[in-house]
Amino acid sequence: MFRHAAKNLLRHRPVPTTSAAGAAAARAPSRTFSADAPAAQTADAGFVEAWKKVVPNIDPPKTPLSFMEPRPATPASIPSKLTVNFVLPYASELSKKEVDMVIVPATTGELGVLPGHVATIAELKPGVMSVHDGNEVTKYFVSSGFAFVHANSFADIIAVEAVPLDRIDASLVQKGLAEFTQKVNSASTDLEKAEAQIGVDVHSALNSALTG
């Protein structure tokens, strides 16, 4: 039923004209891609109208946007604080935390984010993320993930794994580094070597974080 509804909905899409302007419009993406969520939620009125014509007895499906809290619009002037959300798959470490600066370990190098930073998406590598709030600095070791910096001085940081730096046992790091180094040297297949090298990279980053 839903399969037929989807096919019928596609038939309601307007057919582009054969003019140059129409051809350009057909090639152009239907939605602007941006690191920023809209300031206010917008419903796809055309989709809802077409859905009701085909399946009038079933409510239209909700998109992920329907469940998102609207992000504040970009202010006219740069705010004094950066608002940070720092989440893991199983926990929220920071939620709407207003700070002075955050430094994340991006694959292109350390990325310092201040209020008013240009919209950016950065992939994270194993390393130290530091959150600066006045004279207080909180450090986390993150394994990987992404940082989404928005133009309205909001930053969303999503990490696969993270732990406060002061909770890491240096002796276990040294032990793990030695074990994975030995596995790299004794690996008999490319897969074993690649897996062991990941362990070396993570433990080397951990060791650098503790000694640096």
Side-chain angles (χ1 to χ4, degrees), residues 32-39 68-178 180-181 194-212:
T32 301
F33 293 96
S34 171
D36 291 318
M68 292 176 62
E69 180 180 347
R71 188 176 300 282
T74 302
S77 59
I78 297 177
S80 60
K81 292 286 187 178
L82 174 72
T83 304
V84 176
N85 296 309
F86 178 35
V87 297
L88 307 174
Y90 51 86
S92 174
E93 292 290 331
L94 300 175
S95 178
K96 296 182 180 179
K97 175 73 173 179
E98 292 188 346
V99 301
D100 296 321
M101 178 178 65
V102 62
I103 302 175
V104 297
T107 54
T108 54
E110 287 193 339
L111 174 65
V113 182
L114 293 165
H117 196 284
V118 65
T120 303
I121 298 177
E123 183 181 359
L124 305 182
K125 66 178 181 180
V128 177
M129 184 190 86
S130 58
V131 181
H132 300 251
D133 187 14
N135 295 326
E136 181 181 351
V137 180
T138 305
K139 294 184 178 182
Y140 299 86
F141 183 84
V142 297
S143 63
S144 58
F146 287 90
F148 301 88
V149 182
H150 307 278
N152 55 2
S153 296
F154 272 67
D156 297 323
I157 302 169
I158 297 93
V160 175
E161 185 62 81
V163 62
L165 199 60
D166 57 7
R167 291 176 55 188
I168 299 174
D169 189 331
S171 62
L172 293 178
V173 172
Q174 293 288 344
K175 180 181 178 181
L177 180 57
F180 279 105
T181 300
E195 291 176 343
Q197 187 61 51
I198 292 174
V200 170
D201 293 343
V202 172
H203 283 79
S204 295
L206 275 165
N207 188 53
S208 298
L210 293 173
T211 58

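Residue numbers run from 1 in the order of the sequence given.
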Looking only at atom types and distance, does a side-chain atom of [X] sit under 3.5 Å from a main-chain N or O of [Y], one as donor and one as acceptor?
X      : Y      : result
Asn85  : Ser95  : no
Thr120 : Val118 : yes
Asp100 : Gly134 : yes

Exercise for review: Dump the intermediate steps for side-chain contact (heavy atoms from CB on, under 4.5 Å) on Phe148 and Ile158, then the final yes or no.
Suggested key: CA-CA 8 Å; Phe148 301 88; Ile158 297 93; 3.6 Å; yes
Exercise for review: For Lys81, look at atom NZ and say whether over 12 heavy atoms of other residues, nucleotides or ligands are found less than 6.0 Å away.
Suggested key: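 Yes, NZ of Lys81 has more than 12 neighbouring heavy atoms, counting only those of other groups under 6.0 Å.
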Practice item. Give a yes or no on this: more than 12 heavy atoms of other residues, nucleotides or ligands lie within 6.0 Å of atom CD1 of Ile168. Key: yes
Any chance you could measure [X], atom [atom1], to [Y], atom [atom2], to the nearest 0.5 Å?
X      : Y      : atom1 : atom2 : answer
Asp201 : Lys125 : CG    : NZ    : 10.5 Å
Lys175 : Phe180 : NZ    : CZ    : 11.5 Å
Asp156 : Leu94  : CG    : CG    : 11.5 Å
Thr138 : Lys97  : OG1   : NZ    : 7.5 Å
His203 : Ile198 : NE2   : CD1   : 12.5 Å

Point to revise | Evaluation steps, side-chain contact (heavy atoms from CB on, under 4.5 Å), between Val142 and Phe86 | key: CA-CA 11 Å; Val142 297; Phe86 178 35; 4.0 Å; yes
Exercise for review: Test His117 against Leu82 for side-chain contact (heavy atoms from CB on, under 4.5 Å), laying out the working first.
Suggested key: CA-CA 9 Å; His117 196 284; Leu82 174 72; 6.0 Å; no
Where do [X] and [Y] come nearest, in terms of heavy atoms and distance?
X      : Y      : value
Val131 : Val102 : CG2-CG2, 4.2 Å
His132 : Ile103 : NE2-CD1, 3.8 Å
Met129 : Val104 : CG-CG1, 3.7 Å
Gly127 : Ala205 : N-CB, 4.5 Å
Leu210 : Ala170 : CD1-CA, 3.7 Å
Pro126 : Phe141 : CB-CZ, 4.0 Å

Check your understanding: Does any donor atom in the side chain of Glu161 or Tyr140 lie under 3.5 Å from an acceptor atom in the other side chain?
Key -> no
Review point. Can you check whether Ile78 reaches Leu114 side chain to side chain, under 4.5 Å on heavy atoms?
Key: no
Check your understanding: Are the side chains of Ser204 and Leu177 in touch, meaning some heavy atoms are under 4.5 Å apart?
Key ->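 Yes, at least one pair of side-chain atoms sits under 4.5 Å.
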Exercise for review: In sequence, state the C-alpha distance, the side-chain angles, and the governing distance for Met101 and Val113, and then conclude on side-chain contact (heavy atoms from CB on, under 4.5 Å).
Suggested key: CA-CA 6 Å; Met101 178 178 65; Val113 182; 5.8 Å; no
